Amino acid sequence: MNLKGQNILVTGASRGIGKSIAIHLLEANARVGVHYNSSRTEADNVKLKYSKAETFQANLSKSDEVELLFKRAIEQLGKLDTIVLNAGIFLPQSTEGTTEDWLDNWRLTMAINLESAGLLTKLGIEYFKKQGGGRFIYIGSRAAFRGETEEYLAYAASKGGLTSLSRTVARSFGRYNIKSFVVAPGFTRTEMAEDAIRKYGETNILSELALNEITTPEDIAPVVVLMCSGQMDHATGSTIDINAGSYIR
Ligand SMILES: NC(=O)c1ccc[n+]([C@@H]2O[C@H](COP(=O)([O-])OP(=O)(O)OC[C@H]3O[C@@H](n4cnc5c(N)ncnc54)[C@H](OP(=O)(O)O)[C@@H]3O)[C@@H](O)[C@H]2O)c1
C-alpha cells in the first residue's frame, strides 16, 4: 500500500491505537499530523523517527483548541485528504454516585469522544467540499453495538453517536466525494484497557473472544491504511468490526 502524496491527520496519535495507525500510515509513505494532548514526548519520538510526521498539541475537550488544531494542520501539512478521529477517553462512573459527578463524567466524555469529532467533521466537510473530496475515519467501539458494562454509559453513548455521525456524513456528502467509515474495536491491549485487564483478569477477557489472543493496536492499523488508500471507498458508510470474534453481528 503506497500512500505517497496523501496527508492525514490522526487525533490521539501519541499512544495506543492512534500511535499505531500513525506509524502504519507513515510506513506507507503518507504525510501524517500526529496529534497529542499530554503525551508530548511520545509524539515527538514519532516525529524524530519519521521525517513526514508533524506534531500538533490540542486538548480536544475545548472547542477553541479543536478549531485551532484543524487550522494549524491545514497550514502545516498544506492539505488534508483524510481525518482519523481516534482520540478518546474511557472513564467509569457509577449511577450510584452523586448527580454532579455523573454529569461531569458524561459531559467530559461527550466533549472529547463526540463533540470534538462533530466539530472536526463540520470543519472537514467545509474543507473537503472545496477540495473536491476527502475521507473521515472514526474509531468507534464494539460498545456502540453490543452495549458496555454499567459504569460506561457515557462512553457507549458517545460511540453510538460517533457511529450515527459517520453514517450520516456518508449518506449526505457522498455526492461531494466525501467518504466516511467507522472502525469498531473490541477490547484492545492499550493503556486505556489496562484497568479492565486488572479488574476482570486476562483469562476472563480471553474467554469472551473467539480467537486465542487479545487484539492489539497493530491488528487495527492496517484496516485504516486500506481505508486511506481509496480502495474501500465504495464501502462508505460501513463499520468494520475488529473484536477478535467477541461480538459478531
Ligand atoms: N483500547 C480499547 O480496548 C478500545 C476498544 C474500543 C475502542 N477504542 C477506542 O480507540 C481509541 C483509542 O483508544 P486507545 O485504547 O488507544 O486509548 P489510549 O491508549 O488511552 O490513548 C488515548 C489517546 O487519546 C488522546 N486523548 C485523550 N484525552 C484527550 C484530550 N482531552 N484531548 C486530546 N487528546 C486526548 C491521548 O492523548 P495524550 O496521551 O497525548 O493525552 C491518547 O493519544 C479511542 O477512541 C477508544 O475509545 C479503544
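Both ligands and their constituent atoms are indexed starting at 1 by order of listing. Nothing fancy with the numbering, it's 1 onward along the sequence. Fair warning: this is a prediction, and the values are worked out from it, not measured in the lab. FYI, side chains are in, hydrogens and waters are out, and symmetry mates aren't considered; it's all heavy atoms of this structure.
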pair [X]-[Y]: side-chain heavy atoms closer than 4.5 Å:
{"X": "F181", "Y": "R135", "result": "yes"}
{"X": "L25", "Y": "C228", "result": "yes"}
{"X": "M227", "Y": "I240", "result": "yes"}
{"X": "T190", "Y": "R15", "result": "no"}
{"X": "R167", "Y": "T239", "result": "yes"}
{"X": "E42", "Y": "Y36", "result": "no"}
{"X": "V225", "Y": "L3", "result": "yes"}

*For L9 and H35, which heavy atoms make the closest approach, and how far apart are they?*
CD1-CB, 4.4 Å
Would one find an N or O of [X], backbone or side chain, under 3.5 Å from an N or O of ligand 1?
{"X": "R142", "value": "no"}
{"X": "T188", "value": "yes"}
{"X": "L60", "value": "yes"}

Quick one: does ligand 1 sit under 4.0 Å from the side chain of [X], the backbone, both or neither, non-hydrogen atoms only?
{"X": "I112", "result": "side chain"}
{"X": "H35", "result": "side chain"}
{"X": "I89", "result": "side chain"}
{"X": "A58", "result": "backbone"}

Taking [atom] as the reference point, the nearest protein heavy atom with its distance:
{"atom": "atom 35 (C) of ligand 1", "answer": "N37 CB, 4.0 Å"}
{"atom": "atom 39 (O) of ligand 1", "answer": "S39 OG, 2.5 Å"}
{"atom": "atom 31 (N) of ligand 1", "answer": "N59 OD1, 3.0 Å"}
{"atom": "atom 12 (C) of ligand 1", "answer": "N86 OD1, 3.2 Å"}
{"atom": "atom 4 (C) of ligand 1", "answer": "G186 O, 3.9 Å"}
{"atom": "atom 14 (P) of ligand 1", "answer": "T190 OG1, 3.6 Å"}
{"atom": "atom 36 (C) of ligand 1", "answer": "R15 NH2, 3.7 Å"}
{"atom": "atom 43 (O) of ligand 1", "answer": "S14 OG, 2.8 Å"}

Under 4.0 Å from a heavy atom of [X]: give me the atoms of ligand 1 that qualify, with their elements.
{"X": "F187", "result": "3 (O)"}
{"X": "Y36", "result": "40 (O)"}
{"X": "I139", "result": "9 (C), 10 (O), 11 (C), 45 (O)"}
{"X": "G12", "result": "23 (C), 24 (O), 25 (C), 43 (O)"}
{"X": "K159", "result": "44 (C), 45 (O), 46 (C), 47 (O)"}
{"X": "I17", "result": "10 (O), 16 (O), 48 (C)"}
{"X": "Y155", "result": "6 (C), 7 (C), 8 (N), 9 (C), 46 (C), 47 (O)"}

*asked:* When you measure from the side chain of S166 to the backbone of T163, do you find a donor-acceptor pair of N or O atoms at a distance under 3.5 Å?
replied: no
*For G140 and ligand 1, answer yes if some heavy atom of the residue is under 4.0 Å from a ligand atom, otherwise no.*
yes
*Cationic tip of R72 within the cone over F56's six-membered ring, i.e. under 6.0 Å and within 45° of the normal?*
no
*Going by the side chain to side chain donor-acceptor pair (under 3.5 Å) test, name the single residue among E218, E202, E213 that passes it with R189.*
E202
*Could you check whether the rings of F90 and Y152 sit parallel, tilted or perpendicular, using 30° and 60° as the cut-offs?*
parallel
*Would you kindly say whether S207 and N204 are connected by a side-chain donor-acceptor distance under 3.5 Å?*
no
*Measure from the ring center of F136 to the ring center of F128 and say whether it is less than 6.0 Å.*
yes
